[in-house]
Structure formats: C-alpha cells, structure tokens
Amino acid sequence: VMDGVLARANCLLITTLWSLFKFVMVPIGAQLSAVFPKHEFAGVFAMIWGSYIATDACAEIFGSLFGKQRIRVWGVGDVNRKSVAGLVAGFLAALLLCSAVVMSQGLGPAWYGLAVIIAASNSVFELWSPRGTDDFTMATANALICVAFGMWLR
C-alpha cells in the first residue's frame with residue numbers, strides 16, 4: 001500500500017528472490033544437517049526462520065505506528081525510509097524469540113550468544129538490505145551464522 005505506483009515492482013522483486021531462494025537454502029540446509037544433531041535442528045530452524053519473521057513483522061508494525069521514518073534506505077518503492085523504533089522493535093522481537101527457543105529446548109549458554117548475534121544480524125540486514133530484499137538476506141545470513149556456530153560448537 002505504501003509503495004504506490006512501484007508496488008508491483010517491489011512485489012516482483014520479492015517473488016523473484018523467493019523463487020531463487022531454494023538454490024541458496026538447500027545447500028545451506030545440507031550443511032546445517034551435517035553440523036547439528038536431530039534434537040537441536042528444530043531450535044536452529046526456529047532461530048533462522050522465526051527470528052527473521054519476528055524482526056520483519058515487528059520492525060514494520062512498530063516502525064509504522066511509533067517511529068519517524070528518518071533513516072533513508074535504498075530500494076524499490078515510493079517509501080524508502082526506516083525508523084529507529086522499528087529497528088529496536090525488530091531486534092527485541094528476534095532476541096525474545098531466540099531466547100525463548102534456547103530456553104524451551106534446554107540448549108546451553110553459548111546458544112544465548114547465538115540468539116544475540118542473530119538478533120543483531122537481523123537488525124543490520126533489515127536496515128542495510130535494499131527494500132524488498134531483506135527477507136532473503138536475513139534468512140540467508142541467519143542460516144550461515146548457524147552453520148558457523150554449529151561448526152564452532154562441535
């Protein structure tokens with residue numbers, strides 16, 4: 001709605017990236033399954049996908065309602081600005097979700113560090129990715145961070 005006449009271009013960009021995403025995530029998923037045991041994989045999956053969804057949704061909602069869109073970003077659409085309120089809300093949402101996953105799965109203390117890193121990464125990619133590409137970059141970055149964490153942990 002906010003993108004006006006460029007809404008179709010933004011939608012096409014997002015759809016194209018999601019179509020190409022399987023070529024990125026399938027190889028990364030194979031790496032994830034190689035470094036994480038089955039009992040940890042659900043938590044890893046939730047941290048990769050759930051955190052980016054929480055970040056994206058809360059940044060949009062809280063930024064639109066409470067923020068002043070003063071941070072200019074590059075992207076496709078008529079409104080290429082973000083807010084500090086949205087970034088903070090996205091970070092906190094991802095951190096809460098990842099921490100809840102760590103607690104509910106009974107994972108070790110190092111996993112809380114992963115939760116902070118993923119929440120921070122989501123915020124950085126939410127801010128610096130061109131509009132319409134942040135879903136792709138956040139999920140990919142989360143998966144790569146989890147692969148590196150799994151290799152470090154083992």
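Residues: numbered from 1 along the sequence shown.
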Nearest-0.5 Å distance, CG of residue Asn122 to OG1 of residue Thr137: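 These two atoms lie 9.0 Å from each other.
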
Using 0.5 Å steps for rounding, measure from the CZ atom of Phe136 to the OG1 atom of Thr16.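 Interatomic distance, Phe136 CZ to Thr16 OG1, rounded to 0.5 Å: 11.5 Å.
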
Kindly give the heavy-atom pair with the smallest separation between [X] and [Y], and that separation in Å.
| X | Y | answer |
| --- | --- | --- |
| Ala54 | Leu97 | CB-CD1, 4.4 Å |
| Gly63 | Ser83 | CA-OG, 3.3 Å |
| Cys146 | Ile48 | SG-CG1, 3.8 Å |
| Gly43 | Gln105 | CA-CG, 4.3 Å |
| Ser123 | Gly90 | OG-C, 4.5 Å |
| Ala85 | Gly67 | CB-CA, 3.7 Å |

Starting from [Y], can I reach [X] by hopping between I/L/V/M/F/W/Y residues whose side chains sit under 4.5 Å apart?
| X | Y | answer |
| --- | --- | --- |
| Val44 | Met151 | yes |
| Leu153 | Ile118 | yes |
| Phe62 | Val88 | no |
| Phe41 | Val26 | no |

Looking at Val101, Ile145, Asn142, which one forms a side-chain contact (heavy atoms from CB on, under 4.5 Å) with Met47?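 The single option meeting the side-chain contact (heavy atoms from CB on, under 4.5 Å) with Met47 is Val101.
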
Is there a side-chain contact between [X] and [Y] (heavy atoms, below 4.5 Å)?
| X | Y | result |
| --- | --- | --- |
| Phe125 | Asp134 | no |
| Glu126 | Met138 | yes |
| Met103 | Tyr112 | yes |
| Leu87 | Phe91 | no |

Applying side-chain contact (heavy atoms from CB on, under 4.5 Å) to Trp49 and Met25, what does each step give before you reach the verdict? CA-CA 11 Å; Trp49 296 99; Met25 257 336 254; 3.8 Å; yes

N/O donor-acceptor pair under 3.5 Å between Ser99 side chain and Leu96 backbone: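 No.
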
So, the side chain of Ser64 versus the backbone of Glu60: is there a donor-acceptor pair under 3.5 Å, distance only?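 Looks like yes, one N/O pair under 3.5 Å.
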
How are the rings of Trp111 and Phe149 set relative to one another: parallel (under 30°), tilted (30 to 60°) or perpendicular (over 60°)?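 Trp111 vs Phe149 ring planes: perpendicular.
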
